[in-house]
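Worksheet: one structure, shown below.
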There are 2 protein chains.
Amino acid sequence: MKKKDFNVSVDCVIYGYDLKRLNIIVLKRVLRSRDTNEILIDDLKLPGNQIYHDEDFDEGAARIVKDLTGLNSIELHQFKAFGSPARISGEKDLLWFRHIKHPHTRVFTIAYYSLLKPYQTRLALERKEHARWYPIYEVGNMAYDHKQIVQESLEALRLKIKLQPNLIFQLLPAKFTMSQLMGLYEELYQIALDRRNFYKKINSLKYIVRLDEKQENVAHKPGILYMFSNDLFDQYWNKRNIISS
Amino acid sequence: MKKKDFNVSVDCVIYGYDLKRLNIIVLKRVLRSRDTNEILIDDLKLPGNQIYHDEDFDEGAARIVKDLTGLNSIELHQFKAFGSPARISGEKDLLWFRHIKHPHTRVFTIAYYSLLKPYQTRLALERKEHARWYPIYEVGNMAYDHKQIVQESLEALRLKIKLQPNLIFQLLPAKFTMSQLMGLYEELYQIALDRRNFYKKINSLKYIVRLDEKQENVAHKPGILYMFSNDLFDQYWNKRNIISS
DNA sequence: TGTTGATGTGTAACTGTTACACTAAACATT
DNA sequence: AATGTTTAGTGTAACAGTTACACATCAACA
């Protein structure tokens, strides 16, 4: 790359599960005409920022999560760098760059995802960009190539959780029922699971411990509560077979 | 990032299996003192380059492989971006930048790995950097953070092949014996496998077909030759279980 | 007290994994 | 021609995990 007409940024796909649907945090991108006040752009983008001069990618991503949610020490997973020269070439994107920001430059972005509990999170709504949770399977077009970034983050997350199932509990409350865990698997992988087999499977995992408590105030038979133990996970988790069938 | 004092490059970890050891392509980095001709630096680095102004990461990586091996249409796998401000801070690295190249700037790199057959590959040795195959488990210190990049590429590759075992055949000749395939698994994962169980497992995979041929000119019982069928793989390959044990 | 709606549970067939030891084939050596 | 060397090829039994499948239970509410 000869001329330095480009920027490097970090974008985050932040996941949350509200016990019904899988959501991500999106920001609003709105542009009004200065003259007519007509809305020229009104769509969604991912939280992201250019990284600072002496900042690591991981630090940049942590800063974005912190600014947005106030949460420190959230686990971040870098999954891919996006840098196609064409990634900012849509009509709206060019318009946005022309009216609001710097002249259009090539923008590389290092994409991250992270997992958190939406009901324990207050979004920093004071920002002009109006952050909100959005059901991931309902996101339509987004700014730039952010739709693609979301899609690839989902694939990366699904894969990651197959390999490190402990991560899924970052999306759940500390105490959860079997149905809630199963519902999350069904939502994340968009499949239907058999309840009896699921119970059997989970019961065989030593690191998910059954508590002596039940759900309260539900209008049906209350579920038994379980919790995930990180210590037991570390103790029991072993690598799987090398050659997959 | 406020000042644009940085560059973006692509580095490639190119794997080859010579039926004995797993190798990667490395380049020599040599610096001699202008006055005394004393060797100041003599170590190894990964093939890599800054990307062109209008070039995709994938294109940049393809260009590196092409320049080095003459091979087109090699599959490339982006696995991580490295961009820590400290990644170029070793004594030798700073020396190298000072004497030979630009003033030291922050360098981001998008790292790729790819798989090829070393015995079908002629390295472009005319380059001053003297490319060569190097057994991966014997690489010592490398320039910059390249040792770490190699290590992480290996982990990414091991994972990838667990999930997409078809890729492993890119490292083998079109016709191979069971022992060769098993040897590659043993080398890649640094484990010992049981031959009978391995044979049973492989025979159960419909996409690995037994040919009516044997090894020739070997000083022992010749092995039966097998080949991998991409078509059959696509037909039979299914996703595995969601919740890993 | 009955209705509603989600929870909790067992078995049998099947599939894949593990551990384990001897014979066969080709070439090399004498 | 006989022998040695080296690697290839093969089966079984115990075990572990996966699948498919139907009915009784409990809490809230009307």
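Computed over heavy atoms, backbone and side chain alike; hydrogens, waters and symmetry mates excluded. Naming convention: chains lettered A, B, ... in sequence-line order (proteins, then strands); numbering from 1 in each chain.
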Annotated protein contacts, base or backbone, on nucleotides 25-30 of chain C with a non-hydrogen cut-off under 4.0 Å, one of B, S, - each: BBS---
Integer-rounded Å distance: dC22(C) P and Arg195(B) CZ: 14 Å
Under 4.0 angstrom between Lys200(B) side-chain N/O and dG11(D) OP1 or OP2: no
Pro165(A) side chain near Trp237(A) side chain, heavy-atom distance below 4.5 Å: yes
Rounded distance (Å) that lies between atom C1' of dT25(D) and atom CD of Gln215(A): 15 Å
Near-strand residues of residues 172-183 of chain A, defined as heavy-atom separation under 4.0 angstrom from DNA chain D: none
Position toward the 5' end of DNA chain C (nearest nucleotide), Asp194(B) or Asn203(A): Asn203(A)
Distance-only side-chain donor-acceptor flag, Tyr15(B) / Ser153(B), under 3.5 Å: yes
Whole-Å gap separating C1' (dG16(C)) and CZ (Phe198(B)): 16 Å
Between CD1 on residue Ile168(B) and CG on residue Leu172(B), distance to nearest 0.5 Å: 6.5 Å
Quiz item: cation-pi between Lys80(A) and Phe82(A), 6.0 Å / 45°: yes
Atom-pair distance (OH on Tyr199(B); C1' on dT17(C)), nearest Å: 18 Å
Test side-chain hydrogen bond (donor to acceptor under 3.5 Å, both in side chains) applied to Asp43(A) and Asn141(A), step by step: CA-CA 8 Å; Asp43(A) 56 11; Asn141(A) 287 331; over 6 Å; no
Separation of atom CG in Leu193(A) from atom P in dT7(C), rounded to whole Å: 13 Å
Value in whole Å for how far the C1' atom of dT7(C) lies from CZ of Arg210(A): 11 Å
Arg29(B) charged N/C atom sitting above Tyr144(B) aromatic ring, 6.0 Å / 45°: yes
Gap between atoms CZ and P, on Arg196(A) and dA6(C) respectively (whole Å): 18 Å
Among dC20(C), dG8(C), dT18(D), the one nearest Lys201(A) by side-chain distance: dT18(D)
is_close_aromatic(Tyr207(A), Phe228(A)), centroid dist under 6.0 Å: yes
Near-ring test Phe169(A)/Phe176(A), centroid separation under 6.0 angstrom: yes
Interatomic distance where CG belongs to Leu211(A) and P belongs to dT7(C) [whole Å]: 17 Å
Side-chain ion pair, Glu187(B) and Lys20(B), N-O less than 4.0 Å: no
